[in-house]
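Numbers here simply count residues along the sequence, with the first being 1.
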Amino acid sequence: MSDSKDVEIVMPDGSIDKVKLVTYLLSDDGLRQYMVYTKSDFYGVEDDRVIYISKMNNEANVMNLSEITDDTEWAEVQKLLRRIANSQ
């Protein structure tokens with residue numbers, strides 16, 4: 001992750017959450033964008049790095065992140081991630 005870029009996310013309460021950008025995803029139709037990032041959290045016995053994915057929304061020229069709640073949209077994100085994984 002040495003090539004990852006530091007990004008600051010302003011939380012709704014005004015606090016700043018510093019994260020590492022992993023990559024951006026763009027839907028096949030070009031209408032939806034997703035940000036893949038890590039907060040350097042680890043999980044499980046093998047200390048696997050936790051990766052977060054949020055939908056990016058441009059509202060009044062300000063980028064906002066929102067949770068992905070739709071199962072169809074999650075399937076699309078998984079397909080985009082598999083495409084990246086298989087190209088390496």
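- Residues Val50 and Thr38 are not in side-chain contact: their nearest non-hydrogen atoms beyond the backbone lie 4.5 Å or more apart.
- A search for salt bridge (Lys or Arg N to Asp or Glu O under 4.0 Å) contacts involving Asp41 returns nothing, not counting sequence neighbours.
- Remark: Thr23 engages no residue in a side chain to side chain donor-acceptor pair (under 3.5 Å) (not counting sequence neighbours).
- Linking Ile, Leu, Val, Met, Phe, Trp and Tyr residues whenever their side-chain heavy atoms come within less than 4.5 Å places Ile51 and Ile68 in a single cluster.
- Qualifying side chain to side chain donor-acceptor pair (under 3.5 Å) partners for Asp47, counting only residues two or more places apart in sequence or in other chains: none.
- Residues satisfying the side-chain contact (heavy atoms from CB on, under 4.5 Å) test with Ser66, not counting sequence neighbours, are Lys55, Asn57.
- Cluster note: Val45 groups with no other residue, as no ILVMFWY side-chain heavy atom lies under 4.5 Å from it.
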Residue pair Leu81, Ile53: steps toward the side chain to side chain contact (heavy atoms under 4.5 Å, CB included) verdict: CA-CA 10 Å; Leu81 288 170; Ile53 304 171; 3.5 Å; yes
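- Within the model, atoms CG of Asn64 and CD1 of Ile9 stand 11.0 Å from one another, a figure rounded to the nearest 0.5 Å.
- Applying the ring pair (Phe, Tyr, Trp, His ring centres under 6.0 Å) test to residues at least two apart or on different chains, the pairs with a partner in residues 40-85 are Tyr37-Tyr52.
- Between Leu25 and Lys79, every side-chain heavy-atom pair lies at or beyond the 4.5 Å cut-off.
- The hydrophobic cluster containing Ile16 also includes Val10, under a criterion of side-chain heavy atoms closer than 4.5 Å among ILVMFWY residues, counted directly or through chains of members.
- Evaluation of the side-chain contact (heavy atoms from CB on, under 4.5 Å) rule for Glu46 yields Asp48 as partners, not counting sequence neighbours.
- Hydrophobic clustering, with ILVMFWY side chains joined whenever heavy atoms are under 4.5 angstrom apart, groups Leu80 together with Ile84.
- Among residues two or more places apart in sequence or in another chain, the side-chain contact (heavy atoms from CB on, under 4.5 Å) test is passed with Thr69 by Glu67.
- Every residue meeting the salt bridge (Lys or Arg N to Asp or Glu O under 4.0 Å) condition with Asp6, not counting sequence neighbours, appears here in chain and number order: Lys20.
- The cluster map of Ile, Leu, Val, Met, Phe, Trp and Tyr, joined by side-chain heavy atoms under 4.5 Å apart, puts Leu65 and Met11 in the same cluster.
- For Met63, the side-chain contact (heavy atoms from CB on, under 4.5 Å) partners two or more places apart in sequence, or in a different chain, are Gln33, Met56, Asn58.
- Between the side chain of Ser54 and the main chain of Met35, no donor-acceptor pair closer than 3.5 Å is present.
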